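To keep things clear, I will list the structure first and then write my remarks on it.
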There are 2 protein chains.
Amino acid sequence: MSDLLERLRGRGWRMTAQRRVVAEVLDGDHIHLTADEVHARAVAKLPEISRATVYNTLGEMVSLGEVIEVSTDRRAKRYDPNAHRPHQHLVCARCGAIRDVHPVGNPLSDLPDSERFGFTISDVEVTYRGTCPNCASA
Amino acid sequence: MSDLLERLRGRGWRMTAQRRVVAEVLDGDHIHLTADEVHARAVAKLPEISRATVYNTLGEMVSLGEVIEVSTDRRAKRYDPNAHRPHQHLVCARCGAIRDVHPVGNPLSDLPDSERFGFTISDVEVTYRGTCPNCASA
DNA sequence: TCCTAGAATGGACAATGTCTAAGTCAAGCA
DNA sequence: TGCTTGACTTAGACATTGTCCATTCTAGGA
Ligand SMILES: [Mn+2]
Ligand SMILES: [Mn+2]
Ligand SMILES: [Zn+2]
Ligand SMILES: [Zn+2]
C-alpha cells in the first residue's frame, strides 16, 4: 500500500480499482510521469482504465495537494507524488531524466525590492538544466 | 528598425516581408507573446502571413539565439526578444502578466554538490509567482 | 440487497505545434 | 535590367496534449 493511497483514503475518497492503480503507478521517489505515461502503466495493471479517468484522477490528486504538477520540459505536464517536501528539479537536457533537488537558502532573498514591481510573491520555481552522468559518459 | 531585425540582417538572413513583421511584433521590453499572439499581430500588418511561417520564423530566431522560449504558464510557449541579457521571470498568477527580473547572485551556488547527482549544470531557470499590484487592488 | 451520488467510459472537441507538397520570391549574376 | 535558383511561404493535414459531455457503472451506506 503506497503512502499516497493511504493519505487519499484518509480523506474519505471513494476507493475504486482505477484510483488504486493510478496511486500505485505514482508510488516511489523521483517520479515525474506525464498523464499518458501514467495511463500506459495503469493499463498494464487494469486494461480497461480510460484516459479520461487518469486525467480526472490526477487532477483530483493535485487539487487535494497530494500530487504536484511539474512543467520541466515544454511538452506535457508531469505528475509528482512528492508533494509534502518542497523541492526543485534538476533535468538532463539530453535524456530528460528528472531528479528532485533541495537547494539551500531562500531563493526569494535573491530578488531585490526594486525588481519586484509591486508584486506580492508567493512562490518560486527553479529548474536546473544540464547533462546527467549517464549522458556525459556516452 | 528594431534591434532584433538589425541583428538578424547582419547574419545574412534573406529578408522577407514576413520576417520583417515578425521581428517588428517582437520589438519592445517585457515582450512575451505566444506564437499565435505573434501571428495575430503580424496578420494586422501583413494579412496574408501564414501560421506556419510565424512558427518557422520564431523557431529560427530561437536557433540563432536572438529570441528565447519561455514557459511560464503551462499553456503555449512564449517568445522573448530579450535574449542578450540573462534574466528570470515574475508572473502574476491572476492575470498572467510577465515581467523580466534580474536576481542578484548566482542561483547555482544554492545547489550543494550533494544535490547535483553528478550532473553538469549549464543553466538555471527561475519563475517567481505572485500577484501584481493591479490584481491586488482589484 | 437495493439505491443513488459519485465515478468511469468513449468519443467528440479544443489548443498548440509539426510537417509536407506545391507555389512564390529575394538576391546574386549575366 | 532581367533570369535562375534555392530558400521561403502557404494551406491544410496531422500529431500531441488536454478538456468536456452523455451515458453507463458501481462503492458504500441504508
Ligand atoms: Mn519532484
Ligand atoms: Mn523575458
Ligand atoms: Zn541524461
Ligand atoms: Zn495581475
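Remember, it's a predicted structure, so these values are computed and weren't measured experimentally. In what follows, chains are A, B, ... by sequence order, proteins preceding strands, each numbered from 1.
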Trace of the side-chain contact (heavy atoms from CB on, under 4.5 Å) decision for B/H87 with B/I68:
CA-CA 11 Å; B/H87 66 281; B/I68 56 181; 4.0 Å; yes

Steps toward side-chain contact (heavy atoms from CB on, under 4.5 Å) verdict (A/L26, A/L58):
CA-CA 10 Å; A/L26 287 177; A/L58 291 171; 3.7 Å; yes

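Look at CZ on A/R20: it is 13 Å from C1' on C/dA7, rounded to the nearest Å. Note: NZ (B/K77) to P (D/dT17) measures 12 Å, nearest angstrom.
Looking only at side-chain heavy atoms (C-beta outward), A/I49 and A/V54 come within less than 4.5 Å of each other. Using a 4.5 Å cut-off on side-chain heavy atoms (C-beta onward), B/Y55 and B/V38 make no contact.
Summary of the strand contacts: A/R19 and B/Y79 both lie near DNA chain C, and taking for each the nucleotide with the nearest heavy atom, the more 5' one is attributed to A/R19.
Nearest nucleotide to the A/R75 side chain, out of D/dT17, C/dG17, D/dT19: D/dT17.
Evaluation of the side-chain hydrogen bond (donor to acceptor under 3.5 Å, both in side chains) test over residues 108-122 of chain A, restricted to residues two or more places apart or in two chains, returns A/E115-B/H102.
Listed in residue order, the members of residues 46-62 of chain A having a heavy atom less than 4.0 Å from DNA chain D are A/R51, A/A52, A/Y55.
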What does nucleotides 24-30 of chain D look like as a protein-contact string, B for base, S for sugar-phosphate only, - for none, at under 4.0 angstrom between heavy atoms?
--BBS--

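Around atom CZ of A/R85, no more than 12 heavy atoms belonging to other residues, nucleotides or ligands sit under 6.0 Å away.
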